[in-house]
Amino acid sequence: MYSVEMDHDEITITVMDDHGNYSDLIINSFDDIVYIRQFEDDKPMPQSIALSPQMWEELISSFQSHAGFFKTVIRDKNVR
């Protein structure tokens, strides 16, 4: 189960474990950085990972890829 919330400068995705065995996974996405956070039961602060938006997109793409090494090429939208 997951939720997606959109604000003017942030997208928050919360992924919840349907069986209650794991803490919620929270993704906060901004224009310039993406945070992946998860609270541990015995700690008041979340464990955090910071990524660039390009790293986030590559992570999502990797779920559909076969084994190998890949490089993402960003194409200029004005070039045809």
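Predicted model, so just to flag it, every value in this text is computed and none were measured. Along the sequence shown, residues carry numbers from 1.
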### Query
Under the side chain to side chain donor-acceptor pair (under 3.5 Å) test, which residues partner Gln38, sequence neighbours left out?
none

### Summary
Residue set satisfying salt bridge (charged side-chain N to carboxylate O under 4.0 Å, His left out) with Lys71, at least two apart, ordered chain then number -> none

### Summary
Quick note, ring pair (Phe, Tyr, Trp, His ring centres under 6.0 Å) partners involving residues 50-69, not counting sequence neighbours, are His66-Phe70

### Message
Test question: given the 4.5 Å side-chain rule for I, L, V, M, F, W and Y, name all other residues clustered with Met1, or answer none.
### Response
Met16

### Residues which pass side chain to side chain contact (heavy atoms under 4.5 Å, CB included) with Ile49, listed by chain and number, not counting sequence neighbours
Ile36, Leu51

### Message
Would the distance check show the side chain of Asp17 and the main-chain N or O of His19 forming a donor-acceptor pair, the cut-off being under 3.5 Å?
### Response
yes

### Non-neighbouring partners of Thr12 that pass side chain to side chain donor-acceptor pair (under 3.5 Å), sequence neighbours left out
Glu10, Asn28

#### Entry: salt bridge (charged side-chain N to carboxylate O under 4.0 Å, His left out) involving Glu40 - partner list, sequence neighbours excluded
Lys43

### Task
Establish whether Tyr22 and Leu25 are linked, either directly or via other cluster members, by ILVMFWY side-chain heavy-atom contacts under 4.5 Å.
no

### Nearest-0.5 Å distance, CE of residue Met6 to OG of residue Ser29
10.0 Å

### Hydrophobic cluster partners of Phe39 (side-chain heavy atoms under 4.5 Å)
Ile26

### Query
With sequence neighbours excluded, what pairs up with Thr72 under the side chain to side chain donor-acceptor pair (under 3.5 Å) test?
Glu58

### Residues clustering with Phe30 (ILVMFWY side chains joined when closer than 4.5 Å, directly or via others)
Ile33, Tyr35

### Message
If you count heavy atoms of other groups shown closer than 6.0 angstrom to CG of Asp31, is the number above 12?
### Response
no

### Message
Within this structure, what is the OG-CD distance for the pair Ser61 and Gln54, rounded to the nearest 0.5 Å?
### Response
10.0 Å

